[in-house]
Amino acid sequence: MQHLIEMSGIKKSFAGVVALQNANLHIAPGEVHAIIGQNGAGKSTLIKILTGVYRRDAGEVTINGTPSTVSTPREAQDAGIATIYQELSLVPLRSVTENVMMGYEPRTRFGTIDWKAAHKRTREILERFGIDIDVKAQLGSYSTAIQQLVAIARAVSLNAQLVIMDEATSSLDDQEIEILFSVVRELKKEGVAVLYISHFLDELYQICDRVTIMRDGQTVGQRVISETTKLGLISEMLGRDPEEIEAAGMTGLGGGEKAEPGSSLFEAENISTARGLKDVSLTLRKGEIVGLGGLLGSGRTETARALFGLDGLKSGKIDAHGSSGQIGTPAEAIAAGVGFLTEDRKREGIVPHMSVRENMTLALLPKLKTMGMVDRKRETELVERFIKSLGIKTSGMEQPIRELSGGNQQKVLLARWLALEPEVLILDEPTRGVDVGAKFEIQSIIREYVDKGLGVLLISSEFEELVEGADRIVVLRDGFSITELENPGVTEEALIAAIAHHHEEAAA
């Protein structure tokens, strides 16, 4: 069988650091093919070579049996390869039509853009996705989920032979994911191949035919996904024995004996904000993890923002070690021993052009100063200690953080807060967008600090992570805290039932 895409023996190094060594990828026409591996395994580098962002040092690439001469992303598009990146490359201030048609606008016989035809073509494309919106409106006026679907629509409109979807469902709800999957199935029927990259293994079993597994810059396996177990995939990704992974429960938050929680660290009583919180109460004690459970829009992130002083209170009070009502700003929260790891590490966490060292010590600089000058020796010692203890993979502390994998960026941000020695740490989706291996490592780090007395407020859209990791789960709905579930004994079914029961009561 002739493959649509054949990448064989691919090698790539950056400043002497090997990123790919004997990497292979074979995709058949009309196939939905997954590529998985830990952050840093080489997935992104391999894709960027295929799409002309990087040039390979060695190896062969063919498209439809012809050696590839693709050296730019535009040439990749012209060769029938369309890419939808996790970080959307759209222009929010431009209209939906302008975003979908950008670079391929229909022209009148006078050479000007034929807007009537462009709007009509855009509507036709969006109809395939079940999207009925005003194509003349600014894209930025729509939700992130709609913007994601517009990006997919643009890729499909280019008559691609291969559509690369990089974490395409990361900002979609269940209904929108099903719309996306229906489009993928339609593309498959039309003979268009899809290369699907996702950290959610369950999605692969719903939509993919085969999977390529990468580890440490190499292709370590290619499997028919219906003939492979999830445990088998994780085992190959991590290069670890399946029994060892199974014994660990595939999560570092659970497992082992949990110490009894200590005294109260943090209490929120009947808090409300202008951003949608109406009445939320919770208590966090020393050495415990309290989860915030609920559907999208239930008020989880809004609760975190209020507790960290990002949003002012309309009513209620926050008591952190007796400082009742004094957390009105992030500076006051930090002074009270509270840290906050945001869910959006790209926009609200990392400073991309700064180094690992600078990102890690950003919040700690005032404490590192001696007579107005930063003590570089202390700073270096601290950074080296956290790089080692958290297992951050980097060529050195001066490496720009943007060059690190998502999982390692998240570890740097975690180190930023741990370096402050907080008593309370609010974690909003701490394992979102990282692979199974990095997820396990981050969860293990969190549990290690909790066992030493840290109090953690954990927000996760993955019910499994809450059920396995949290000592207690506060369930939210529409800005209210509606019930509390206590471990051990909580199941995903029980959590879902608690949410559904209260939704049914509200609808009655």
Side-chain angles (χ1 to χ4, degrees), residues 140-145 171 173 264-285 288-349 363 413 416-417 420 422-430 432 455-463 466 470 472-485 495 498-499 502-503 505-507:
S141 66
Y142 293 106
S143 68
T144 302
S171 59
D173 62 27
S264 174
L265 290 172
F266 202 89
E267 292 184 23
E269 184 178 342
N270 306 118
I271 62 173
S272 68
T273 67
R275 287 176 65 96
L277 284 193
K278 298 180 177 66
D279 188 354
V280 171
S281 298
L282 60 86
T283 300
L284 178 63
R285 295 173 293 182
E288 77 169 348
I289 298 175
V290 172
L292 286 185
L295 304 177
L296 288 173
S298 62
R300 296 170 304 178
T301 295
E302 290 78 6
T303 298
R305 289 178 59 87
L307 297 179
F308 193 62
L310 286 166
D311 296 332
L313 299 184
K314 288 173 60 180
S315 61
K317 65 177 182 176
I318 298 171
D319 189 337
H321 288 304
S323 59
S324 180
Q326 296 305 305
I327 296 182
T329 66
E332 290 170 353
I334 292 171
V338 182
F340 177 33
L341 186 63
T342 175
E343 68 173 326
D344 191 344
R345 67 170 176 267
K346 295 291 186 184
R347 287 192 293 183
E348 299 176 357
L413 295 180
R416 177 191 294 172
W417 291 111
L420 285 171
E423 294 185 301
V424 173
L425 189 52
I426 303 168
L427 302 175
D428 194 355
E429 302 285 2
R432 173 181 285 175
V456 167
L457 185 66
L458 175 66
I459 301 171
S460 177
S461 54
E462 295 184 46
F463 289 168
L466 292 176
R472 290 182 292 119
I473 302 173
V474 175
V475 181
L476 303 180
R477 174 180 60 80
D478 298 334
F480 293 86
S481 50
I482 55 175
T483 191
E484 186 175 298
L485 306 175
L495 178 54
I499 295 170
H502 285 274
H503 271 278
E505 284 187 345

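Computed over heavy atoms, backbone and side chain alike; hydrogens, waters and symmetry mates excluded. When a residue number appears, it is its place in the shown sequence, counting from 1.
The CG atom of Leu425 sits 8.5 Å away from the CH2 atom of Trp417 when rounded to the nearest 0.5 Å. We find the CG-CD distance between Asp319 and Glu269 to be 9.0 Å, quoted to the nearest 0.5 Å. Residue Arg305 holds its CZ atom at 8.0 Å from OG1 of Thr342, rounded to the nearest 0.5 Å. Separation of atoms CG (Leu341) and CG (Leu413) is listed at 6.0 Å; rounding is to 0.5 Å. The structure places CD of Glu288 at 8.5 Å from CG of Leu265, a figure rounded to the nearest 0.5 Å.
Residues Ile318 and Phe266 have side chains in contact (heavy-atom distance under 4.5 Å, counting atoms from C-beta outward). In this structure, Leu457 and Leu292 have side chains that are in contact, with non-hydrogen atoms separated by less than 4.5 Å. When side chains are defined from C-beta on, Leu427 does not count as touching Ile459, because their heavy atoms never get closer than 4.5 Å. Using a 4.5 Å heavy-atom threshold, the side chains of Leu310 and Pro330 count as touching. Considering only heavy atoms from C-beta on, Leu307 stays 4.5 Å or farther from Val424 through its side chain. Here the side chains of Asp279 and Asn270 are in contact, with some heavy-atom distance below 4.5 Å.
Side-chain atoms of Ser481 come within 3.5 Å of backbone N or O of Ser281 as a donor-acceptor pair. Between the side chain of Arg275 and the main chain of Ala306, no donor-acceptor pair closer than 3.5 Å is present. Proximity of a side-chain donor or acceptor of Arg472 to a complementary backbone N or O of Thr283 within less than 3.5 Å is detected. No donor-acceptor pair closer than 3.5 Å links the side chain of Arg300 to the backbone N or O of Leu476.
Considering only residues two or more places apart in sequence or on other chains, Ser315 meets the side-chain contact (heavy atoms from CB on, under 4.5 Å) condition with Ser272. Residues forming a salt bridge (Lys or Arg N to Asp or Glu O under 4.0 Å) with Glu267 (at least two apart in sequence, or on another chain): none.
Nearest heavy atom pair, residue Phe463 against residue Gly294, reads CE2-O, 4.2 Å. Across all their heavy atoms, Ala470 and Gly291 have their closest contact at CB-N, 3.7 Å.
If you run side chain to side chain contact (heavy atoms under 4.5 Å, CB included) between Val280 and each of Val474, Thr303, Thr273, only Thr303 comes through.
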Please step through side-chain contact (heavy atoms from CB on, under 4.5 Å) for the pair Ile334 and Phe340, ending with a clear verdict. CA-CA 9 Å; Ile334 292 171; Phe340 177 33; over 6 Å; no
